[in-house]
Each structure stands twice: as C-alpha cells, then as structure tokens.
Amino acid sequence: MPLVAVTGGAGYVASELIHQLLAKGYSVRATVRSKADTAKVAHLEALAAALPGSLELVEADLLQPGSFDAAFAGCSAIFHTASPFFLQAGDPQAELVDPAVQGTRNVMAAAAKNKGSVKRVVLTSSCAAIKGNANAAAPKVGTTYSEADWNETSTVEGGEAYWVSKVQAEKAAWEVAEREGLHLVTILPEFIMGPVLSSRTDATSMGYLKAWVEGRAQAGSPVFADVRDVARAHVLAAEIPDASGRYIVAASHSTPAALISGWLQERFPECAFEAGEAGQPEEKNSNSRVQKELGLALTPVKETIQDMASTLVALGLAVPKLRQQQA
Ligand SMILES: NC(=O)c1ccc[n+]([C@@H]2O[C@H](COP(=O)([O-])OP(=O)(O)OC[C@H]3O[C@@H](n4cnc5c(N)ncnc54)[C@H](OP(=O)(O)O)[C@@H]3O)[C@@H](O)[C@H]2O)c1
C-alpha cells in the first residue's frame, strides 16, 4: 500500500484517520509535536502493532517553516489535520490564527516541494469556514449552508478567532494549491463526536461530551459530525479519482440538547444526567454532496453520541453519576 502522511497525528480526528488507514494496510507517516510524549502517542503505537499497516512518527511543528518537508518525502497523499482547536485563548491571533494559517502554508509548501510523489492533499477544514458562530449577516437559523458558502462574518475582535483560523487556513490552502498545481480536497465537519482512541481529554470534542456524561448539561444545540465518518471522508477524498472541492461532513441539522441527555439516559439507565434544553432553533447544513459523490453513509447522531459516551466511560475518561449519588 502507498505511503501517506497525516499531520497532527496524535489528535482526536487524526487518531481515527490513522486507525482507518492502518486497517486498510497503508504505510502511514504521522507528524507529532513530540515523539517522546508517550501520553499523546502510545495509542498510535498500539494501533500500529495490532493492524496490518505500518506507522512511522516524525516530529513537525506548524509554526516552523520547512518542518514538514522531510516528513512528506515519498508520500502519495497528505492529510493535513493539525490545527489548534480550542475556543478560549489569551492571545487568540498568536495561539489560534497564526498556527492554523502559517501552518497550512508550511504544509502546502512542503506538499509542493514533494510534488513528484504527492498526488492529493486532503485538508481538515470545518463548517467554521462556512459560517460564523453568531453570523449576523447570514443568520445561522433559517439558512441551509452548503459548500458554496464562506464565513465572511467572524472576527478575532468579535471573539471568533477559531472560526477565523479555519476560514483563513482553508483559503490559504486553496491559494497555494492553485498556484502550485496541487490537487486539494477539503473536508468540512461540524462539531465532531464519536468513539475516542486515546486517553487524552484535552480535545475540545472530548471535553464537551465528558461534561455531559458527568452530569453537566451543555448549552446550545450543535450540528454534529461522526469522527468515523469524518475520517472515512478523508480516505475517500484521497482514493476517489474524481473527488474535488469541498465536502461538508456533518448532520443535516442541529441536535436539541434534550435529545443528548435522553440518549445518555437510554444508554446508561442506572445513571443520572442533567436534562438538556428542549426546542432550540434549528440550524441546517446541506450534506448531500459527500453522500452522492464519495458514497459516504452518515452515521445517525444518536449512535455517534452513545458510542462516544461508551468509549469515554470504558476508558475511565468520564465517570457518570449513579442515580443514588445524585442527591
Ligand atoms: N473536533 C471538532 O469538532 C472539529 C470540527 C471541525 C473541524 N475540526 C478540525 O479537525 C482538526 C483536528 O481537530 P481535533 O478535533 O482532532 O483536535 P485535537 O485533538 O486538539 O487535534 C489538534 C491537533 O493539532 C495539533 N497541533 C496544534 N498546534 C500545533 C502546532 N503548533 N504544531 C503541530 N501540531 C499542532 C495538535 O498537536 P498535539 O497532539 O501535539 O497537541 C493535535 O494533534 C483541526 O483542523 C480542527 O480544526 C475539528
């Protein structure tokens, strides 16, 4: 099987992607910030030991020019997932926007230097590149967003640095791809949930469901994506010759919080969960392109949430309250 590279290999999404690539027998070169950080990489080594593909870890940092050049040598596809994903930062420009945008430029430059072997670059973008969080100009509720939309409303000053980081990084990737003649495909998930493979709990996705499982209902009604679908979409985007452009990989509409607490209650009847709010306004995405063109079947949101909760509990990363502990 060909050699492919995955940036940000120890992250939540990348771990599932590496899992699927190794299961298919790919040789994977994964970049991580530190190979010595066993808390971050041990699960990847365990996956490689158990699955048919092979794994090599290489150190690279988004903010270091040239950092990815050697890592991509001989690779036929680059999966660029690395990007800071957190919502609170002391210096949002320096901590979120710069690493995302300069990092994407560094990754694309490294792909261009290895054009001889690199046939495809698949970038993990986000629906944050399509719509802002508040989005006054194009109301989130009442609009069905598609791949044709770009987030033109988020600003760092307005508290949406993560959204800015994603829209600017994706635009930078398209600009370099066009200039260098690279075949780029972008995947745009919304809030990703689904089984975890690592014992890290610092990923924003994990923090969100861990809070729910431990009895703290979360505000809002997110549009969810399943991590297995997101990873599968990356692989399909690299393998299918006609894959092109942007693909939303997310549910077609938002999930009211009341459903989440109900699904957790059903999955763990012996436990008590704080009830989520019902009847929040609906947000909509058009998700037909990835299903029609890449043949991706999307996982029902209930399954995504229940499966993630099960892995968090099984790995001891979240401890639900038993009913009698509630008082
Ligand atoms: N989770 C979601 O809901 C969601 C939704 C839409 C899009 N996405 C996108 O999916 C991708 C992966 O996110 P995730 O959810 O898997 O988050 P994550 O677990 O926090 O992974 C982020 C990865 O980026 C790496 N990274 C951050 N700064 C870096 C730097 N300066 N140099 C090198 N690597 C750096 C991290 O490295 P370390 O392992 O060393 O920390 C980590 O591996 C991101 O592009 C994110 O924007 C996520």
Side-chain angles (χ1 to χ4, degrees), residues 5-19 30-44 57-68 71 79-87 89 94-107 110 122-131 133 151 161-170 172-173 186-209 218 220 222-231 233-234 246-251 285 304-305 308:
V6 178
T7 70
Y12 171 50
V13 172
S15 295
E16 175 59 28
L17 174 59
I18 291 169
H19 175 212
T31 73
V32 292
R33 280 193 274 191
S34 166
K35 285 202 279 184
D37 193 339
T38 46
K40 286 187 178 181
V41 302
H43 68 287
L44 296 176
L57 297 180
V58 175
E59 291 182 353
D61 194 291
L62 290 172
L63 286 165
Q64 237 183 320
S67 195
F68 294 87
F79 298 96
H80 177 34
T81 81
S83 202
F85 178 33
F86 43 87
L87 303 179
E95 293 171 44
L96 281 160
V97 183
D98 293 347
V101 181
Q102 289 172 28
T104 297
R105 289 196 181 281
N106 289 336
V107 163
V122 182
L123 168 78
T124 319
S125 185
S126 169
C127 287
I130 281 185
K131 56 188 169 183
N133 195 25
N151 175 0
Y162 174 69
W163 284 256
V164 173
S165 80
K166 295 309 286 182
V167 70
Q168 289 189 2
E170 190 185 342
T186 62
I187 304 299
L188 295 90
E190 202 147 337
F191 199 17
I192 305 174
M193 296 288 130
V196 301
L197 293 166
S198 137
S199 293
R200 291 177 71 173
T201 51
D202 57 340
T204 297
S205 297
M206 289 196 205
Y208 174 84
L209 206 73
Q218 299 294 289
V223 182
F224 291 115
D226 187 289
V227 71
R228 295 160 293 194
D229 298 347
V230 172
H234 282 70
R246 311 171 89 198
Y247 293 98
I248 289 177
V249 180
N285 282 330
T304 303
I305 297 292
M308 184 174 193

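Indexing begins at 1, ligand by ligand and atom by atom, following the structure's order.
Residue contacts with ligand 1 include Tyr162, since one or more of its heavy atoms lies under 4.0 Å from the ligand. Heavy atoms of His80 stay at 4.0 angstrom or farther from ligand 1. Taking 4.0 Å as the cut-off, Arg200 counts as a neighbour of ligand 1 on heavy-atom distance. A heavy-atom separation below 4.0 Å is not found between Thr204 and ligand 1.
Heavy-atom proximity to atom 5 (C) of ligand 1, evaluated over Glu190, Glu95, Gln102, is greatest for Glu190. Of the listed options Gly8, Gly194, Ser83, Ser83 places a heavy atom closest to atom 22 (C) of ligand 1. Of all the listed residues (Phe85, Phe224, Phe68), Phe85 holds the heavy atom that lies closest to atom 15 (O) of ligand 1. Among Leu62, Val6, Thr104, Val107, the residue whose heavy atom sits closest to atom 29 (C) of ligand 1 is Leu62. Between atom 45 (O) of ligand 1 and the options Lys166, Lys40, Met193, the minimum heavy-atom separation is to Lys166. Nearest to atom 44 (C) of ligand 1 by heavy-atom distance, out of Thr124, Leu17, Thr81, is Thr81.
Scanning the protein for heavy atoms near atom 21 (O) of ligand 1, the closest one is Gly11 CA, 3.6 Å. For atom 19 (O) of ligand 1, the closest non-hydrogen atom of the protein is Tyr12 N, 2.8 Å. For atom 14 (P) of ligand 1, the closest non-hydrogen atom of the protein is Val13 CG2, 3.9 Å. The protein non-hydrogen atom at the shortest distance from atom 1 (N) of ligand 1 is Ser205 OG, 2.9 Å. Among protein heavy atoms, atom 48 (C) of ligand 1 sits closest to Ile192 CD1, 3.7 Å. Atom 36 (C) of ligand 1 has its closest protein heavy atom at Arg33 NH2, 3.7 Å.
On a distance-only criterion, Pro189 and ligand 1 share no N/O pair closer than 3.5 Å. Remark: ligand 1 and Asp202 share no N or O pair separated by less than 3.5 Å (distance only, no angle test).
Taking CG from Asn106 and CG from Leu63, the interatomic distance works out to 7.5 Å, rounded to the nearest 0.5 Å. The CZ atom of Phe79 sits 13.0 Å away from the OG1 atom of Thr31 when rounded to the nearest 0.5 Å. Note that CD1 of Ile305 is 9.0 Å distant from CG of Asp226, once rounded to the nearest 0.5 Å. To the nearest 0.5 Å, atom OH of residue Tyr247 and atom OG1 of residue Thr186 are 9.5 Å apart. The distance from atom OH of Tyr12 to atom OG1 of Thr204, rounded to the nearest 0.5 Å, is 11.5 Å.
In this structure, the side chain of Thr304 does not engage the main chain of Met193 through any donor-acceptor pair within 3.5 Å. Panel note: side chain Arg200, backbone Ala10; a donor-acceptor pair is recorded below 3.5 Å. Checking side-chain atoms of Ser205 against main-chain N and O of Ile192 turns up a donor-acceptor pair under 3.5 Å. Of the possible polar contacts, none joining the Ser198 side chain to the His43 backbone as a donor-acceptor pair under 3.5 Å is found. Thr104 places no side-chain N or O within 3.5 Å of a backbone atom of Ala173 that could act as its donor or acceptor partner.
Close approach of ligand 1 to Ser126 is summarised as follows: ligand atoms under 4.0 Å from at least one heavy atom of the residue are 6 (C), 7 (C). Distances below 4.0 Å separate heavy atoms of Ala203 from the following atoms of ligand 1: 19 (O). Those atoms of ligand 1 with a heavy atom of Asp61 less than 4.0 angstrom away are 30 (C), 31 (N), 32 (N), 33 (C). Under a 4.0 Å criterion applied to the non-hydrogen atoms of Ser125, ligand 1 contributes the atoms 7 (C). Near Phe191, the atoms of ligand 1 lying under 4.0 angstrom from a non-hydrogen atom of the residue are 3 (O). Proximity to Ala10 (heavy-atom distance under 4.0 Å) selects the following atoms of ligand 1: 39 (O), 43 (O).
Of the listed residues (Thr124, Thr81, Asp229), just one forms a side-chain hydrogen bond (donor to acceptor under 3.5 Å, both in side chains) with His234, and that residue is Thr124.
Considering only heavy atoms from C-beta on, Lys166 stays 4.5 Å or farther from Asn151 through its side chain. Side-chain contact between Glu190 and Pro222 is absent, with no heavy-atom pair separated by less than 4.5 Å.
Classified by interplanar angle (parallel below 30°, tilted 30° to 60°, perpendicular above 60°), the ring pair Tyr162/Phe85 is tilted.
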